[in-house]
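Okay, so here's the structure we're looking at.
First the proteins, then the strands, lettered A, B, ... as listed; each starts at 1. Hydrogens, waters and symmetry mates are skipped; everything else that's a heavy atom, side chains included, is used.
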Amino acid sequence: MIKEILTHGLNPQQKEAILYTKGPLFILAGAGSGKTKVIAHKFSYLVNAKGLHTDSVFTVTFTNKAAEEMKARIRNLLEKDTNSCWIGTLHSHCNRILRKEIKSLGHTNNFSIYDEDDQCNLVRHILKEFKIHEALFKGIVSRISSLKSSLIGPDKFLSSGDGFGFDEKLAKVYVRYQDELRKGNALDHDDLIMLTVELFEKKPKVLEKYQGMFSYFLVDDFQDTTRAQYCLLKLLISTHKKACVVCDDDQFIYRMRGADIHNIGSFEDDFPGTKVIKLEQSYRSTQNILNAAGAVIAQNHGRRSKNLWTKKDGGDKVFHCWFHTCEEEAKHIAKVIKELYLKGRYDYKDFAVFYRVNLEARVLEDALCHEGLPFRVLGNVSFYHRKEIKDVVAYMRLSVNHGDNVSLRRIINCPSRGINSVLLSRIEQEAKRRSISLFDAIKATLRDSPASAVKDSLTEFVKLIEHFSSLKCRSAAEMLRNLFDKSGYAKTLDEDRVRNVEELISSAEGKDIKDFLDHISLCTGMDEIAAGDYISLMTLHNAKGLEFPVVFIIGLEEGVLPYCKAMEGKDEITEERRLFYVGMTRSRDILWLTGASKRKLYAKVQDQEPSRFLKDIIKNCCECVETITTHHATKQETVKRQVVPKHAFALYSAGSRVKHPTWGVGVVRDCYGDGDDQKITVNFPIIGLKRIAIKFVNLEKI
DNA sequence: AAAACTCCTCTTTTT
DNA sequence: GAGGAGTTTT
């Protein structure tokens, strides 16, 4: 009975995926095949039919956003609170475990979590000291990160190195970097995983405890796991082998972040008898879109075979259009969006434009502005990444963890406390000589230095930080507000930035200080208040996991998609192809693929060739649209005339505003007929779309 | 300590 | 072509 309720409205494969709990399960889920639904339903099946406790299902998502969605879905299905559940990213799970258990590894549990920015700062500091060319810091940070994602700690790396050249330097920096983290009582994101693995390997009792806590494991986006993450999961799963991983190898687009596609094979090897279920019915795209996307991805080899199909057969062919310049491309897209919008079938929020690199968005923004269309660009600098936010958070982190040298260096002269580089390096040396934290070194220096303006401001700084660490603030907001005022930092900011900090403070209202810090460290941005009717602009990477009725993918040119810096290796090209595939499969009804012969990249305009990926599909799947710039301009004109009729008797035209006696003001989306017989489609803000015959209604044109 | 100047770089990115 | 960082100038 419960079974029927929980699997109602699901297809046979989805049902099977939910009901199979005997052993390890591998779900190969195509784009739009309802994998999130399957995970949520499986969770509730485990609880309602199998009697598992909601806290004993270890559920992993790729992003925090996905975790929130999953929680909400499960909450609705179970009608139970999901707050204490283990539904989240692996990093947040590890943080939860480490805050509790890290003492047994000799750390303290008030550790700071460093983000990429902090890592870069630390590495640069080290490079300066080692007198290694500082511009290398980015490469080094990413090398260290990928070493950690493969569970290669500094010791292991050192011993593996008969290294020469760069590797030797890297090893030296890596050792020092990890040492600095340890001294500063800080972990970077990769440490969260690596240390949890270390914890489980060194402390079998702790591992047993967590193995015992969980009766089932659900892992979404398994293709995006790193080696370290896989090892962690394997440790936890190994006892009873009740796990279900969901993955799509065709959407593996995060190799650069250390994701390892071999984990898919490892899972089946490490858990023999794994049942494989394929979800191949797409509930998203039309058959035409699936055909085109399928033709693209089919060029990649060594994939798991998969045959996506849909009941939404037919649909429009995929549109393809080539332009002279990227400006024309952008203009045309704006025009198409406007026309579709005015027809009334779609809202602005139903449109998305994807591109490979952020700088492609510029031209598009101009064009959309020009047409007066509302849009938002996703994935700009995240809120927590802004300088002013990071600065106040650094104050907060230092108050919680005095050892946090990276945070201290960040704010010691912010606002200016008159500390010059001589004094600073004296403090650094003092800290090093006595192997104490910078914070303690400052205190020591203050004790035996003569009175001065610098001494006063430093004394005040120390007092401030100590005040807040001793003080039990009621909430993170209270602490932030006080720090912001009393540190004198507020005075150094302009209005905009003050407003940002205030936004941070209000988001901290009523939250526990440590929880709030964790939240900031583990989340990328403020949960986007995505509401509102906007066209979405984003990179192909950002598009993963989303869907839109109408999708445009722009810049389909050699050097852009595939991107020029990803064209050397074969693996890189296949990843670019998957990226394109991910973009295509986001679309429900309409898909446009565009490119241009001339595109402005950085300073100069470059000549562009059509992307090799287009060759795979144009012949059979695309409807090639001629542009205004070709000789057939008349065709465009006729299309336009249909949409915006301009005969003598037409009283209203698309885009004009009218007032209705009961529904208020609305925008005309589409018109039919003329004179007294004219019928119009009007969108009213609250009521929605309405068809109106003008002779029956007393409309006012405004 | 701020302003001016030069140099450099410039995929994608979640945690 | 713009933003960031580091260096030199005032």
Side-chain angles (χ1 to χ4, degrees), chain A residues 60-67 88-96 98 113-121 124 127-128 133-139 141-142 145-146 148-149 187-194 196 220-221 224-226 228-229 232 252-259 354-363 378-382 384-385 387 413-421 453-454 492 518-525 538-545 555 559-568 572 575-576 578-580 582-583 600-606:
Chain A
V60 181
T61 60
F62 182 55
T63 64
N64 288 299
K65 196 172 147 234
T89 62
L90 211 43
H91 288 87
S92 68
H93 291 333
C94 286
N95 183 48
R96 188 166 164 185
L98 288 175
I113 299 173
Y114 284 174
D115 65 13
E116 201 183 318
D117 207 48
D118 303 313
Q119 297 179 53
C120 287
N121 288 336
R124 296 176 80 161
L127 292 180
K128 227 179 257 176
H133 185 46
E134 216 182 312
L136 296 172
F137 74 94
K138 268 196 174 158
V141 168
S142 87
S145 171
S146 66
K148 288 186 178 181
S149 317
L187 309 184
D188 62 24
H189 285 276
D190 302 304
D191 283 337
L192 289 171
I193 311 291
M194 194 168 74
T196 310
D220 195 5
D221 276 320
D224 289 318
T225 50
T226 65
Q229 291 172 331
L232 180 66
F252 169 64
I253 55 171
Y254 280 108
R255 205 175 55 117
M256 45 106 173
R257 276 192 41 221
F354 304 150
Y355 36 81
R356 175 68 236 261
V357 287
N358 284 306
L359 58 92
E360 292 176 73
R362 268 292 169 73
V363 201
L378 259 87
N380 277 342
V381 227
S382 92
Y384 295 125
H385 207 263
K387 186 186 176 297
N413 238 352
C414 246
S416 168
R417 298 190 169 78
I419 298 157
N420 55 30
S421 53
V454 183
T492 67
D518 281 352
H519 173 76
I520 290 174
S521 309
L522 295 173
C523 293
T524 6
M538 69 190 85
T539 62
L540 286 161
H541 281 93
N542 269 318
K544 195 182 141 200
V560 176
L561 187 63
Y563 192 72
C564 55
K565 288 191 179 169
M567 283 177 38
E568 273 135 47
E572 286 172 314
E575 182 146 328
E576 295 289 306
R578 285 191 294 267
L579 203 48
F580 182 35
V582 168
K600 220 167 155 187
L601 293 166
Y602 306 117
K604 53 187 183 291
V605 177
Q606 291 189 5

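Between A/His519 atom NE2 and B/dT15 atom C1' there is a gap of 13 Å when expressed in whole angstrom units. What separates CD of A/Glu116 from P of B/dT11 is a distance of 14 Å, to the nearest Å. To the nearest angstrom, C1' of B/dT12 lies 12 Å from NZ of A/Lys138. One can place CG of A/Asp117 at 18 Å from P of C/dG3, the figure rounded to the nearest angstrom. Atom pair A/Lys387:NZ and C/dG4:P shows a separation of 11 Å (rounding to whole Å applied).
With the nearest nucleotide of DNA chain B identified for both A/Arg417 and A/Thr539, A/Arg417 has the one nearer the 5' end. For the pair A/Gln119 and A/Ala135, nearest-nucleotide mapping onto DNA chain B gives the more 5' position to A/Ala135.
For A/Gln606 (side chain) and A/Lys600 (main-chain N/O), no donor-acceptor pair under 3.5 Å exists by modelled atom type.
Note on A/Arg124: only backbone sugar-phosphate atoms sit closer than 4.0 angstrom, heavy atoms only; bases stay farther off. Note on A/Glu134: only backbone sugar-phosphate atoms sit closer than 4.0 angstrom, heavy atoms only; bases stay farther off. Using a 4.0 Å heavy-atom distance criterion, A/Tyr563 is classed as a base contact. In this structure, A/Asn542 reaches the sugar-phosphate backbone alone: every heavy-atom distance under 4.0 Å involves primed, P, OP1 or OP2 atoms, never a base.
Each of B/dT12, B/dT15, B/dC10 was ranked by its minimum atom distance to the side chain of A/Met256; first place goes to B/dT12.
Pair assignment for B/dC7: C/dG4, on the basis of Watson-Crick or G-U wobble contacts that are both within less than 3.5 Å.
Remark: of the listed residues A/Thr196, A/Thr226, A/Val60, A/Val60 is the sole one forming a side-chain contact (heavy atoms from CB on, under 4.5 Å) with A/Leu90.
The aromatic rings of A/Tyr384 and A/His519 sit perpendicular, their planes meeting at an angle over 60°, well past the 30° parallel limit.
We find that the ring of A/His91 and the base of B/dT15 do not stack by the test of centres under 5.5 angstrom and planes tilted less than 30°.
A donor atom on one side chain and an acceptor atom on the other are not found under 3.5 Å apart for A/Ser92 and A/Asn95.
A close approach under 4.0 Å does occur between a side-chain nitrogen or oxygen of A/Asn358 and OP1 or OP2 of B/dT13.
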